[in-house]
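Here is the structure we will look at.
In this text, all values refer to a predicted model and were calculated from it rather than measured experimentally. For the numbers below, each heavy atom of this structure counts, side chains included, while hydrogens, waters and symmetry mates do not. Note on naming: letters A, B, ... go to the chains in the order of the sequence lines (proteins, then strands), and numbering restarts at 1 for each one.
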2 protein chains.
Amino acid sequence: MNTLEYSAEVLKAIAQPTRLRIIELLRDGEHCVCEIFPAIGHEQSNTSRHLQVMLKSGILMQRKEGLKIFYSLRHPEVLEILRLAELVASREATERSALFNRKPV
Amino acid sequence: MNTLEYSAEVLKAIAQPTRLRIIELLRDGEHCVCEIFPAIGHEQSNTSRHLQVMLKSGILMQRKEGLKIFYSLRHPEVLEILRLAELVASREATERSALFNRKPV
DNA sequence: AGTTTATATGAATACACTTGAATACAGCGC
DNA sequence: GCGCTGTATTCAAGTGTATTCATATAAACT
């Protein structure tokens with residue numbers, strides 16, 4: 001896999017609403033699955049799958065402690081990517097609403 | 001669509017190898033479809049579809065000039081996102097190869 | 001009018017993703 | 001050993017995506 005495909009893989013691991021929620025949750029440090037899935041309002045199985053996707057793409061790491069498994073972010077750049085995406089998205093949103101609300105010619 | 005879903009939409013528009021290639025092509029300014037699809041080695045129709053995806057997500061803009069349509073990047077942040085993704089990807093790549101090459105315990 | 005050129009779109013195919021329910025697995029305590 | 005708890009995985013259904021081929025559109029030119 002070349003760098004381009006690898007980059008796409010990393011971005012794809014981030015580019016999903018449920019996973020974005022998880023990443024935001026992990027912003028303040030590690031959390032176990034038992035904390036994550038109620039917080040994001042999804043089934044445990046679904047949450048676990050999203051965590052596996054991010055783990056395999058390399059943006060998360062895990063630490064086992066007894067029965068629980070704690071996940072955390074591995075690269076601070078992921079938070080920066082999220083910040084920039086939100087910036088672009090919010091700019092888009094305001095421009096589109098301005099376009100929608102402006103008087104017809 | 002809330003900000004989180006919008007952010008995911010923006011990231012999804014970037015998170016694809018062919019589209020990453022197009023974005024890198026547009027780094028130095030606008031290009032028409034007729035320049036883009038030979039450069040990336042895909043069908044014209046396929047290229048057009050990827051451009052539509054990025055146009056609708058808001059990360060590209062278009063300018064018509066006669067028969068040609070020129071596409072360009074609308075947000076410099078997209079290049080920054082790409083840079084960070086490549087950084088994470090390359091770090092992953094080196095760590096994985098190190099893991100792969102190290103002696104077994 | 002018709003022709004050519006550049007781009008977009010419809011239709012079909014194949015593949016990947018998301019989800020909840022059910023099930024399997026793994027570590028702990030009894 | 002057994003049951004309990006936290007995670008992962010399998011299954012099935014529904015949805016979305018990437019691609020190609022063929023066709024449609026739209027602008028320029030004769």
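For dT19(D), the OP1/OP2 oxygens have no side-chain nitrogen or oxygen of T47(B) closer than 4.0 Å. Phosphate contact (OP1/OP2 of dA8(D), side-chain N/O of S48(A), threshold under 4.0 Å): present. Contact annotation: Q44(A) side-chain N/O to dT7(D) OP1/OP2 distance is not under 4.0 Å.
Within the 4.0 angstrom heavy-atom criterion, no nucleotide atom of any strand lies near E65(B). Counting any heavy atom pair closer than 4.0 Å across all strands shown, Y71(B) reaches sugar-phosphate atoms only and no base atom.
Atom NE2 of H50(B) is separated from atom P of dA8(C) by 13 Å (rounded to the nearest Å). Distance K68(A) NZ to dG29(C) P: 13 Å, rounded to the nearest Å. Regarding Q16(A), its CD atom lies at a distance of 12 Å from the C1' atom of dG16(D), rounded to whole Å. H42(A) has its NE2 atom 14 Å from the C1' atom of dC17(C), to the nearest Å. When rounded to the nearest whole Å, the span between CZ of R19(A) and C1' of dT19(C) equals 13 Å. Atom CG of N46(B) and atom P of dA14(C) are 17 Å apart (whole Å). Following rounding to the nearest Å, L11(B) (CG) and dT17(D) (C1') show an atom-to-atom distance of 17 Å.
E35(B) places a side-chain N or O within 3.5 Å of a backbone atom of C32(B) that can act as its donor or acceptor partner.
Note that CZ of R19(B) is 6.5 Å distant from CE of M54(B), once rounded to the nearest 0.5 Å.
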